[in-house]
Amino acid sequence: MRHRIAVVGGGPAGLTFARVLHRHDHRVTVLERDPAPDARPPGGTLDLREKLGQLALGKAGLLAEFQALSRPEGQAMRILDTDGTVLRDWQPRPDDRANPEIDRGQLRDLLLGPLDVQWGRGVTEVVPGTRDGVLVRFADGRQETFDLVVGADGAWSRVRPAISSATPHYTGVTLVETSLDDVDTRHPDLARLIGDGSMAVYGVNRALVAQRNSGGHVKVYAQFRAPLDWHTNLDRHIDLADVEAVRSSLLALFDGWAAPVLDLLRHGAAFVHRPLYVLPVSHTWAHVPGVTLLGDAAHLMPPLGAGANLAMLEGAELAESVAAVPGPGDLDEAVRAFEEQMWVRAGRWAKITTAGLERLVSPYPAEALALFDEVQPS
């Protein structure tokens, strides 16, 4: 008898879990609250690391397809001083595939493949321990039971409360995201400034980061330390929906920086407010039969290149563990063993990324440069 398995969330973690199970001929129900794959912008680009995200894609049988879509040149990294001086300019070797970039939308479509996702199925509550299994309640009033429910539903997970009382807390760092389209044609000077991959400028308690996506699209992130209510805690209230008001406030925040750098903000389209939240560094829980977590639902950490990679590898590993379960009574033990392995690795990465955020957005910009010198190939 096959287990009734559901994964809540159609992001990298949930889709990798489902895709690896599909490869092992195990049925899994994917529950996603968005009404369609393209219901909202998929986000920026991801660098998939050789021993994390790429390893997960290998377990899903998708590594060759990923390599055809990915952009190894996106590994390039340039760091500028606030006056525009180029401080570092790392270029990948022609054969370097350690962490090539791929757009989130492309990765989503690659993972979706033959999967049957139930779109528009918003989960409101998960109740373990019922007579028929784990009960899942939906926003439309319906409910279903499963033998295993995997929460891969992100920072504000609706599955997490079933096994943990932890909630994300604000880091003190806020991101405001904007973007540029057709940058090579419309803004060739900025295209040259950014290069083939990413460009970053670090100042006192603030930074500007630009990151190439495919098709001439560039994501720009203004990062700064501020209270959570920074936009209402100033001399005047800033309506975050007012593009020009947000642009003016950001230009004032980065006043004195080189004009070409500030052009990243001047030419940006809509601005999206993204305060950074994290879960406790060593987030664990008392095991609850029939429920577990992956990715940001389990270990939300600063977005420094580890989160999606970990989430995908966890999804693949859990799927392989479930597929290898010999009988109905062994599923819970397999999940318990997976959790213990996940906690150790995730805790290590949470410490690394938390310390990294402290150095990247700090009173001492030289700390950011030193951090990159430590992690970039010489």
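Keep in mind that what you see is a predicted model, and the values were worked out from it rather than measured. The first residue in the sequence is number 1, and the count goes up from there.
- Within the 3.5 Å criterion, the main-chain N or O of D196 finds no donor-acceptor partner in the side chain of R71.
- A salt bridge does not link E320 to R23: none of the charged side-chain nitrogens sits closer than 4.0 Å to a carboxylate oxygen.
- A cation-pi arrangement, defined by a distance under 6.0 Å to the six-membered ring centre and an angle within 45 degrees of its axis, is absent between R206 and F224.
- Here the side chain of N309 pairs a donor or acceptor atom with the backbone of G305 at under 3.5 angstrom.
- One finds the OH atom of Y221 at 4.5 Å from the CD atom of E177 (value rounded to the nearest 0.5 Å).
- A donor-acceptor pair under 3.5 Å is absent between the side-chain atoms of S157 and the main chain of G154, judged by distance alone.
- A heavy-atom distance below 4.5 Å is not found between the side chains of L300 and H283.
- The side-chain heavy atoms of D47 and Q75, taken from C-beta on, include no pair separated by under 4.5 Å.
- Residues M301 and L46 do not share a hydrophobic cluster, clusters being chains of Ile/Leu/Val/Met/Phe/Trp/Tyr side chains in contact below 4.5 Å.
- R4 and F146 get closest at one heavy-atom pair: O-CB, 3.5 Å.
- With respect to R336 and E333, a salt bridge is recorded, a charged nitrogen being found less than 4.0 Å from a carboxylate O.
- When the side chains of ILVMFWY residues are joined at heavy-atom separations under 4.5 Å, either directly or via intervening members, L55 and L62 end up in two distinct hydrophobic clusters.
- Residue A200 comes nearest to V209 through the heavy atom pair CB-CG2, 4.0 Å, listed as atom of the first residue, atom of the second, then distance.
- Put simply, the side chain of R121 never gets that close to the backbone of F138: no donor and acceptor are under 3.5 Å apart.
- Summarising the geometry, atom CD belonging to E317 is positioned 11.5 Å from atom OG1 belonging to T16; distances are rounded to the nearest 0.5 Å.
- Within the model, atoms CD of E50 and CG of D96 stand 8.0 Å from one another, a figure rounded to the nearest 0.5 Å.
- In this structure, a donor-acceptor pair under 3.5 Å is present between the side chains of D83 and T85.
- I102 and I194 are assigned to two separate hydrophobic clusters, defined by single-linkage of ILVMFWY side chains at heavy-atom distances under 4.5 Å.
- Note: L357 CG to Q223 CD = 8.0 Å, rounded to the nearest 0.5 Å.
- Panel note: side chain S198, backbone M77; no donor-acceptor pair is recorded below 3.5 Å.
- I352 and V173 fall into different hydrophobic clusters, where Ile, Leu, Val, Met, Phe, Trp and Tyr residues are linked whenever their side-chain heavy atoms come under 4.5 Å apart, directly or through other members.
- Counting only distance, with no hydrogens or angles, the side chain of R137 and the backbone of E125 share no donor-acceptor pair below 3.5 Å.
- Residues L21 and A319 approach most closely at CD2-O, 3.5 Å, considering heavy atoms.
- When atom types are taken as modelled, the side chain of H169 and the backbone of V278 share a donor-acceptor pair closer than 3.5 angstrom.
- Relative orientation of the H267 and H187 rings is tilted, given thresholds of 30° and 60° on the angle between their planes.
- Taking all atoms of both residues into account, the shortest heavy-atom contact from R212 to V218 is CG-CG2, 4.1 Å.
- The cluster map of Ile, Leu, Val, Met, Phe, Trp and Tyr, joined by side-chain heavy atoms under 4.5 Å apart, puts F17 and L331 in the same cluster.
- Summarising the geometry of R160 relative to A166, their closest heavy-atom pair is CD-O, 3.4 Å, with the distance given to 0.1 Å.
- Counting non-hydrogen atoms of other residues, nucleotides and ligands closer than 6.0 Å to CG of D373 gives a total above 12.
- Using the six-membered ring where Trp is involved, W343 and W285 have ring planes that are perpendicular, over 60° apart on the 30 and 60° scheme.
- Rounding to the nearest 0.5 Å places CG of L265 at 9.5 Å from OG of S249.
- Separating the CD atom in E314 from the CG atom in L52 is a distance of 9.5 Å, to the nearest 0.5 Å.
- No hydrogens or angles considered: a donor-acceptor pair under 3.5 Å links the side chains of T45 and E101.
- If you check the side chains of S70 and R97, you find a donor sitting under 3.5 Å from an acceptor.
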